[in-house]
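Data block below; observations after.
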Protein chains: 2
Amino acid sequence: MTDAQGQSPRERYRAQVREEIKRHAWEQIAAAGVPSLSLNAIAKQVGMSGPALYRYFAGRDELITALIRDAYRSLADTVRAASGSGADLLGLARAISEWARSDPQRYFLIYGTPVPGYHAPDDTTAISDEVMAVLLEACGGPEQATAPQRALSFWTRLHGVLSLELAGHFTGMKLDPDALITDELSTLLQR
Amino acid sequence: MTDAQGQSPRERYRAQVREEIKRHAWEQIAAAGVPSLSLNAIAKQVGMSGPALYRYFAGRDELITALIRDAYRSLADTVRAASGSGADLLGLARAISEWARSDPQRYFLIYGTPVPGYHAPDDTTAISDEVMAVLLEACGGPEQATAPQRALSFWTRLHGVLSLELAGHFTGMKLDPDALITDELSTLLQR
DNA sequence: CGCAACAGTTAGAAGCTATAACTTCGAGAG
DNA sequence: CTCTCGAAGTTATAGCTTCTAACTGTTGCG
């Protein structure tokens with residue numbers, strides 16, 4: 001998942017424990033959302049007691065920030081992989097949808113309710129730009145003047161459907177989310 | 001804000017205190033989001049100490065549920081008022097946008113990150129249906145066969161732009177959100 | 001008027017984040 | 001190979017949080 005170059009045994013072990021902590025954190029978030037993520041519970045799960053966890057993350061906020069970073073990274077990799085295998089805009093939409101549906105809380109960690117005070121680190125916004133670059137490329141590349149508008153529209157429309165679906169606002173409406181997405185993007189797809 | 005019919009003095013006082021509690025709760029939410037909403041802090045602000053607040057709300061969850069209900073009610077009133085003064089779809093979009101921007105956290109309390117376990121009470125979903133009914137009406141009324149699709153598209157596209165804007169995902173892109181909304185809805189407006 | 005219901009109090013349990021002080025262990029320098 | 005220093009873990013504790021229990025005072029209705 002992370003870089004595993006030449007490291008001292010200590011650094012190696014440290015990276016492993018950090019990954020294990022994040023793994024359990026994701027499980028908790030998927031189960032009950034970010035608010036109920038408990039450092040104490042995680043520590044117990046990895047077999048250490050309480051404050052030991054602070055050797056690996058400075059606090060709750062830093063752990064969550066690391067998770068946000070990983071989420072962005074995962075999304076960027078997914079989008080890049082889809083683009084790499086020759087997917088068009090609809091293919092990208094399907095890839096993103098699948099990624100979001102596989103772990104809704106991970107999607108909402110990026111695109112959900114913002115915390116008023118919080119400001120994402122620069123590197124995460126850089127990864128976000130990476131995603132936008134792929135979208136721009138899929139919209140006809142830089143030579144097409146309307147590409148930015150189309151990419152932006154793609155982004156907002158996909159997010160509109162996806163976030164409402166994942167939040168459960170369509171339950172009881174008996175409609176096919178995938179069909180809704182292709183429908184919403186249909187005007188973008190005919191270039 | 002709430003019904004103030006013939007009530008006993010006790011009920012009257014009780015309703016006043018409940019409203020004051022909710023007022024302070026909204027202030028806290030607007031300032032730092034739902035996660036940092038503290039019953040203790042609210043109790044101190046209204047001048048009572050701690051557990052007294054449980055006379056008015058069974059717990060944190062019930063208070064938040066009451067806030068969600070009020071948020072839905074406020075949105076429905078806003079939409080209904082706009083519709084009542086002869087606003088078209090674009091007018092409705094502007095009214096909703098203004099409502100959302102006036103208190104982003106209130107918007108996200110309805111349309112933001114869902115809590116995995118939580119299920120909204122039936123009456124809140126009823127208010128949500130009320131909003132959808134107004135949207136349906138504005139989309140040409142029940143006689144128009146495409147009205148449901150158009151209303152759904154209106155909803156998802158507006159939410160797509162609005163939620164990303166309010167979450168700050170457009171910062172540094174120097175684009176006009178209002179123009180973006182009218183642009184996204186342009187295909188819906190020509191009927 | 002009397003009394004029951006209600007509003008408020010303090011005390012305390014259980015949980016959380018986070019810090020401080022301490023012990024134990026292991027890896028690299030000499 | 002040994003010594004030593006730093007990293008990793010521990011317990012104790014402070015200060016929050018939600019929420020329950022038990023108790024006191026007040027108020028308004030029959």
Side-chain angles (χ1 to χ4, degrees), chain A residues 2 4-29 31-68 109 115-118, chain B residues 2 4-29 31-68 109 115-118:
Chain A
T2 49
Q5 309 97 296
Q7 296 167 322
S8 65
R10 279 249 166 92
E11 285 170 330
R12 193 171 200 79
Y13 175 76
R14 190 176 172 75
Q16 282 180 358
V17 176
R18 273 182 70 103
E19 286 305 311
E20 193 180 348
I21 290 171
K22 288 195 286 186
R23 225 189 56 225
H24 289 286
W26 279 121
E27 286 171 8
Q28 284 195 13
I29 288 177
V34 172
S36 64
L37 184 147
S38 159
L39 295 189
N40 263 343
I42 294 174
K44 236 159 250 168
Q45 282 180 314
V46 303
M48 56 173 92
S49 207
L53 206 140
Y54 286 78
R55 297 277 168 189
Y56 299 94
F57 294 94
R60 218 184 100 104
D61 288 358
E62 201 189 271
L63 173 57
I64 293 175
T65 297
L67 297 178
I68 291 174
L109 195 59
V115 178
Y118 185 79
Chain B
T2 49
Q5 305 104 289
Q7 296 167 325
S8 64
R10 278 250 166 91
E11 284 171 331
R12 192 170 200 78
Y13 176 76
R14 191 176 171 75
Q16 281 180 359
V17 176
R18 273 182 69 103
E19 286 305 311
E20 193 180 349
I21 290 171
K22 289 195 286 185
R23 224 189 57 225
H24 289 286
W26 279 121
E27 286 171 8
Q28 284 196 13
I29 287 177
V34 172
S36 62
L37 183 147
S38 158
L39 296 189
N40 264 344
I42 294 173
K44 236 159 252 171
Q45 283 180 314
V46 303
M48 56 173 93
S49 207
L53 206 141
Y54 285 78
R55 296 276 169 193
Y56 299 94
F57 294 94
R60 217 184 101 103
D61 287 359
E62 201 189 271
L63 171 57
I64 293 175
T65 297
L67 297 178
I68 291 174
L109 195 60
V115 177
Y118 185 81

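All chains are named by letter (A, B, ...) in the order of the sequence lines, taking the proteins before the strands, and each is independently numbered beginning at 1. None of these values were measured; they are calculated from a predicted model.
- Among the nucleotides dT9(C), dA18(C), dC29(D), the one closest to any side-chain atom of Met48(B) is dT9(C).
- Within 4.0 Å (heavy atoms only), Ser49(B) reaches at least one base atom of the nucleic acid.
- In this structure, of dC19(D), dG8(C), dG9(D), it is dG8(C) that holds the atom nearest to the side chain of Ala52(B).
- For Tyr13(A), counting side-chain heavy atoms from C-beta on, the closest listed nucleotide (dA12(D), dG28(D), dG9(D)) is dG9(D).
- A salt bridge is absent between Arg14(A) and Glu11(A): the closest approach of a Lys/Arg side-chain nitrogen to an acidic carboxylate oxygen does not fall below 4.0 angstrom.
- Of the candidate nucleotides dT11(D), dT18(D), dT9(C), dT18(D) has the atom lying nearest to any side-chain atom of Leu39(B).
- Between dT17(C), dT17(D), dA7(C), one nucleotide has an atom nearer to the side chain of Ser38(B) than all others, and that is dT17(D).
- Which of dC16(C), dT18(D), dA7(C) sits closest to the side chain of Asn40(B) comes down to dT18(D).
- Residue-level contact check: Leu37(B) touches the backbone only, with heavy atoms under 4.0 Å from sugar-phosphate atoms and none from bases.
- Here the P atom of nucleotide dT20(D) and the CG atom of Leu53(B) are 13 Å apart, to the nearest Å.
- At the phosphate of dG9(D), neither OP1 nor OP2 sits under 4.0 Å from any side-chain N or O atom of Arg55(A).
- Residue Lys44(B) is the one, among Lys44(B) and Arg10(B), whose nearest nucleotide of DNA chain D lies closer to the 5' end (criterion: closest heavy atom).
- You'll find that the side chain of Tyr56(A) is closest to dG9(D), out of dG9(D), dC16(C), dA7(C).
- With hydrogens and angles left out, the side chain of Arg60(B) and the base of dT17(D) share no donor-acceptor pair within 3.5 Å.
- Within 4.0 Å of Pro9(A), counting heavy atoms only, lie sugar-phosphate atoms of the nucleic acid but no base atom.
- Residue Phe57(A) is out of contact with every strand shown, counting any heavy-atom pair closer than 4.0 Å.
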